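Right, one structure below, let's go through it.
In the text below, chain A, chain B and the rest are named by the order of the sequence lines, each starting its count at 1. The structure presented is a predicted model; accordingly, all values stated were derived computationally and were not measured.
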Amino acid sequence: MEVAAEGLRFERGGRTVLDIAALEFGGGSTTAVFGPNGSGKTTLLRLIGGLERPSAGMVRIGGAPVGRDPASRRHVSFAFQEAVFVGGTVRRNLDLALRLRELPAADREARIAEAARECEIEPVLDRSARQLSSGEAQRANLARALALRAPVTLLDEPLTGIDRVTRVQLLDDLPRMLATFAATTILVTHDREEAFRLADHLVVLVEGRVRAAGPKASVYARPADRTTAELLGYTVVRAAGRTIGVPAGAWVLGEGEPGFAMLVERVVDMGNHLHAVGLADGVRVDLRLRAGEPLPSPGERIRITARACVPVG
Amino acid sequence: MDEALVLLAGGDAELFRIIGRTLAISGMATLLAMLLGVPLGYALARGRFPGRTVLLGAVNTGMGMPPVVVGLVVWVLLTRSGPLGGLELIYTREAMVIAQLVIATPLVVGFTAASIQALPPQLPDLLTSLGAGRLRQLWILSREARLGLLAAVMAGFGAIISEVGASMTVGGNLRGSTRVLTTAIVTETSRGNLPVALALGCLLLGLAFAVNLLLTLIQQRRNG
């Protein structure tokens with residue numbers, strides 16, 4: 001089911017938080033709404049979920065406008081950033097969600113069993129939901145949203161607030177979970193890795209406005225502007241009169257085109273390799289030193305080359 | 001206490017009527033205060049509107065309002081020459097329910113608002129996103145906040161069953177009509193009938209304890 005925002009504006013306290021002329025999320029796609037903190041990502045998700053009323057414009061899901069009535073939210077399931085539960089077991093929480101969607105008891109049991117299996121929360125189904133570890137709670141939170149099998153699934157920062165090991169596991173498992181349960185998925189994240197690993201489409205949101213939108217490969221291949229390029233992980237520099245973005249890891253030591261002088265500030269020992277960090281063209285550059293390359297000293301000027309780059313703007 | 005036991009054992013009809021009247025008036029006032037106070041407390045806890053903080057401050061002030069002042073205000077409103085005098089409610093049980101309702105409601109609103117605010121702030125959003133309507137949400141959130149809500153009932157009931165100023169002022173302490181345990185205690189004390197007054201006092205305490213024990217048992221059982 002496709003989702004469309006039309007002339008969507010949201011104001012809070014006299015400030016425009018979100019201003020989107022037109023934006024579409026294709027049916028069956030997984031889109032990451034990606035941007036820095038305070039860019040309006042969660043507000044957009046809440047507007048799609050019918051939890052906020054737009055100051056102007058509207059959101060349509062499957063062509064029908066989203067309103068504040070419970071019926072218009074039936075197409076959507078929402079996993080909030082913070083896993084929130086009612087008192088009682090994980091099973092009771094999943095069952096309540098399904099009951100609120102008016103599923104018969106037999107269907108609810110089957111859905112709970114399926115979601116528990118796919119989201120790997122079977123061992124904690126009969127434990128108190130409020131006593132789960134952060135990783136278990138996030139899985140239960142996702143299981144509850146996915147068990148609804150809604151045409152549109154909204155995930156707000158699904159991997160925030162959990163330890164690194166659990167995050168890595170969940171990052172591996174989430175695509176399978178989404179493939180099993182979700183149709184159209186819109187997830188919000190400020191983490192580039194999450195956006196690229198989980199989504200096939202990207203929407204870059206900065207200060208409430210869409211800077212770029214489309215399949216992730218095309219958004220990445222041609223960043224719309226400097227901010228977008230930096231968010232996507234490029235180092236943005238000027239070379240031969242034009243602005244280019246150099247992807248992470250594309251800097252190499254030595255002369256070449258496009259070449260730059262870099263003032264080394266410090267050398268960082270990462271354990272199995274070294275990084276030289278400094279300024280080139282007034283921009284902070286992180287250069288990975290390969291084995292056998294001469295070790296620069298802080299304050300030294302070295303020549304570096306961008307092995308790959310894309311035009312910006 | 002012996003006096004009270006003698007009166008109870010002797011099947012003193014007036015005493016039983018006073019006990020029944022006390023429970024009926026305070027019970028009705030508590031029930032109405034819950035019906036009014038729970039949604040108001042919920043709105044104050046969840047709503048974002050201008051003047052909310054001032055309103056919360058007013059409710060908190062109301063939680064400590066002297067019953068005799070409430071009685072005076074209700075008397076001024078209900079007395080024959082007052083703005084609501086035409087209703088002819090002064091010196092009736094209904095007037096006592098109104099006065100006790102005014103005393104209990106801020107307590108119920110305050111306790112409800114505090115218990116709803118103590119819930120995870122995202123819980124209402126979760127229920128909204130799951131498709132729960134306003135009434136269903138209120139029901140689920142009330143279940144989640146049941147410890148606080150039962151505390152609200154206990155606080156409201158405790159405050160009004162033990163107050164005397166408002167009941168005396170608007171009820172008039174009429175024998176066989178508006179006399180309740182607290183006003184009966186005042187009457188017996190003023191008559192110098194201290195053993196009976198003390199016995200009634202013990203009865204009142206016992207009654208309040210029994211009701212609160214029942215509510216506490218419900219509260220703790222549901223929590224267990």
Does [X] have more than 12 heavy atoms from other residues, nucleotides or ligands lying within 6.0 Å of its [atom1]?
X        : atom1 : result
A/Glu24  : CD    : no
A/Glu109 : CD    : no
B/Met63  : CE    : yes
A/Glu207 : CD    : no
B/Leu135 : CG    : no

Contacting moiety of [X], where chain B heavy atoms sit under 4.5 Å:
X        : answer
A/Leu96  : side chain
A/Leu154 : neither
A/Val76  : backbone

Side chain, backbone, both or neither of B/Ile140 within contact of chain A (heavy atoms, under 4.5 Å):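 Looking at B/Ile140, just its side chain touches chain A.
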Enumerate, including both backbone and side-chain atoms, all donor-acceptor pairs under 3.5 Å from chain A to chain B.
residue, atom, partner, partner atom, Å
A/Arg46, NH1, B/Asp125, OD2, 2.8
A/Arg46, NH2, B/Asp125, OD2, 3.0
A/Glu82, OE1, B/Gln122, NE2, 3.2
A/Gly87, N, B/Glu144, OE1, 2.8
A/Gly87, N, B/Glu144, OE2, 3.2
A/Arg101, NE, B/Leu130, O, 3.0
A/Arg101, NH2, B/Ser129, O, 2.8
A/Arg130, NH2, B/Glu144, OE1, 2.9

Apply ring pair (Phe, Tyr, Trp, His ring centres under 6.0 Å) to A/Phe80 and list each qualifying residue two or more places apart in sequence or on a separate chain.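 Ring pair (Phe, Tyr, Trp, His ring centres under 6.0 Å) check on A/Phe80 returns A/Phe78.
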